[in-house]
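To keep things clear, I will list the structure first and then write my remarks on it.
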Amino acid sequence: MAELKGRCAVIGGGAMGRQIALNAAINNYDVTVCESFDAARESLAAWKEEYLAGRIAKGKMTEEQVADIKARFAITADLEEACKDADIVIEAIIENKEAKTDLLGKVSKIVRPDTVIATNSSFMVSSTFKDVVDHPERLANLHYFMPALVMKLVEVVKGDHTSDETIEKLMAFGRSVGKTPVLVQKECDGFIVNNVLKAIKEEAYRLVGEGICTVEDLDTAVELGLGHPMGPYKIDDMNGLDLRYNVLKRRYEETGVKSYGYDMIEKLYLEGKYGKKTKHGFYDYE
Ligand SMILES: NC(=O)c1ccc[n+]([C@@H]2O[C@H](COP(=O)([O-])OP(=O)(O)OC[C@H]3O[C@@H](n4cnc5c(N)ncnc54)[C@H](O)[C@@H]3O)[C@@H](O)[C@H]2O)c1
């Protein structure tokens, strides 16, 4: 078996957490995923088997490599089991401030004082949680992109509470799992990519909302006119409209201003149409 680079706990085995975790295991970390929901643990285990079998079938991995990866990939519902020996903990649970605050407080009581604690939150800066984390100098954002097994970028976000050593460790961790890290030197909601995307999405929602074009034509225009691999509505469907709704709702609650697209996304959310994961969103995926 390849030499281990360290122990990594990923909390939350949903759309992002599972890919972050498997990416780390593929890159020789010993990984435990803590997922609290029974059905999600089962779906994660099945997804991992299917993904790895696919890599063998495509000739991208050998049977031996896959056996190694499986041997260093564990799934549990027990937070303590996942975190107690970890060198790095990556939180990837739902985008909800109270849930993340509660979880990170618990994590910090379990891990060693030098364990790096990172949140993969799409928009919340890590200082949101610094008061519940012992030794907050080891707390920062490590933001992956969907699909995390494929996308090369990670954003590392330094808070005032974050030590330089933690930033160095996170940049090195990012490189060690095959990513290119960029440093966001000051905390800012949404970091770099999501702020740029926010500007594009607001225009995309406005243009469709004002009846200027359809969702399909907007995506086609952005893909063929700007050379983006995916239009903004397809990105929303891939990332999850539940996540998008939570972000827009939080912004509305904080500012009292409804972003363009709020009503459109709220309607889909209330109908249970979360995008690709539920097979319905802006597009249908049956
Ligand atoms: N989806 C994206 O494209 C994307 C991209 C970058 C970052 N993120 C961020 O990643 C995080 C996760 O997003 P997602 O899309 O994977 O969400 P998801 O809903 O698919 O997965 C979240 C998982 O966390 C589990 N969970 C909830 N509370 C838990 C707890 N206390 N302990 C253990 N497991 C728990 C849920 O059962 C669920 O399986 C969010 O903060 C989101 O903002 C998402």
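Side chains are part of it too, since the values below use all heavy atoms of this structure and drop only hydrogens, waters and symmetry mates. Everything quoted here is computed from the prediction, not taken from an experiment. Counting convention: from 1, in listed order, for ligands and their atoms alike.
Between the side chains of His280 and Glu286, at least one donor N or O lies within less than 3.5 Å of an accepting N or O. Side chains of His161 and Ser126: a donor on one and an acceptor on the other come within 3.5 Å. For the residue pair Asp236/Tyr245, the side-chain donor-acceptor check at 3.5 Å is not satisfied.
Set against the non-hydrogen atoms of Ser121, the atoms of ligand 1 under 4.0 Å away are 41 (O). Ligand 1 places these atoms under 4.0 Å from at least one heavy atom of Met146: 3 (O). Listed by atom number, the atoms of ligand 1 under 4.0 Å from His143 heavy atoms are 6 (C), 7 (C). For ligand 1, the atoms lying closer than 4.0 Å to a non-hydrogen atom of Gly12 are 24 (O), 34 (N). The contact set between ligand 1 and Phe37, taken as ligand atoms under 4.0 Å from a residue heavy atom, comprises 37 (O). In the vicinity of Ala92, heavy-atom distances shorter than 4.0 Å reach the ligand 1 atoms 11 (C), 12 (C), 22 (C).
The nearest non-hydrogen atom to atom 38 (C) of ligand 1, considering only Arg18, Glu35, Met151, Lys277, comes from Glu35. Looking at Ser36, Ala40, Gly17 and measuring to atom 26 (N) of ligand 1, the nearest heavy atom belongs to Ser36.
By the 3.5 Å distance cut-off applied to N or O atoms, Glu95 is counted among the residues near ligand 1. Of the N or O atoms in Asn239, one or more lie within a sub-3.5 Å distance of an N or O in ligand 1. For a threshold of 3.5 Å applied to N or O pairs, the pair formed by Met16 and ligand 1 contains at least one separation below that value. At least one N or O atom of Lys100, backbone or side chain, sits closer than 3.5 Å to an N or O atom of ligand 1. Polar contact with ligand 1: absent for Glu91 (N/O pair, distance under 3.5 Å).
For residues 169-178, every residue pair satisfying the side chain to side chain donor-acceptor pair (under 3.5 Å) rule, not counting sequence neighbours, is listed here: Tyr29-Ser176.
For the residue pair Val157 and Lys186, the shortest heavy atom distance occurs at CG1-O, 4.3 Å.
Considering only non-hydrogen protein atoms, atom 21 (O) of ligand 1 sits nearest to Gly14 CA, 3.3 Å. Nearest protein heavy-atom contact of atom 19 (O) of ligand 1 is Ile94 CG2, 3.8 Å. Counting protein heavy atoms only, atom 11 (C) of ligand 1 is closest to Ile93 O, 3.2 Å. Counting protein heavy atoms only, atom 10 (O) of ligand 1 is closest to Asn120 ND2, 2.9 Å. Given atom 31 (N) of ligand 1, the protein heavy atom at minimum distance is Leu103 CD1, 4.0 Å. Nearest non-hydrogen protein atom to atom 20 (O) of ligand 1 is Ala15 N, 3.0 Å.
For Asp87 (side chain) and Arg7 (main-chain N/O), a donor-acceptor pair under 3.5 Å exists by modelled atom type. In terms of modelled atom types and a separation under 3.5 Å, the side chain of Glu155 and the main chain of Leu142 share no donor-acceptor contact. The backbone N or O of Glu137 lies less than 3.5 Å from a partner atom in the side chain of Ser163, making a donor-acceptor pair.
Remark: Ile200 CD1 to Glu203 CD distance equals 10.0 Å, nearest 0.5 Å. Between atom OG of residue Ser121 and atom NZ of residue Lys97 there is a gap of 11.5 Å, rounded to the nearest 0.5 Å.
Put simply, atom 8 (N) of ligand 1 has protein non-hydrogen atoms near it, under 4.0 Å away.
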Let me have the donor-acceptor pairs involving side chains of residues 12-22, under 3.5 Å, with sequence neighbours excluded, atom names and distances please.
from  : atom 1 : to     : atom 2 : distance (Å)
Arg18 : NE     : Gly13  : O      : 3.1
Arg18 : NE     : Gly14  : O      : 3.2
Arg18 : NH1    : Ser43  : OG     : 3.4
Arg18 : NH2    : Gly13  : O      : 3.2
Arg18 : NH2    : Ser43  : OG     : 2.8
Gln19 : OE1    : Ala148 : N      : 3.1
Gln19 : OE1    : Leu149 : N      : 2.9

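If you look at Leu243 next to ligand 1, the close heavy atoms, those under 4.0 Å, all belong to the side chain. Here Tyr144 has backbone heavy atoms under 4.0 Å from ligand 1, and that is the only part of it that gets that close.
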Worked check of ring-ring contact (aromatic ring centres under 6.0 Å, His included) between Tyr262 and Tyr252 | CA-CA 9 Å; Tyr262 185 98; Tyr252 177 39; 5.2 Å; yes
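Remark: aromatic rings of Tyr269 and Tyr274 are close, center separation under 6.0 Å. Ring pair Tyr233/Phe282: centre-to-centre distance below 6.0 Å.
Heavy atoms of Cys34 come nearer than 4.0 angstrom to ligand 1 in at least one pair.
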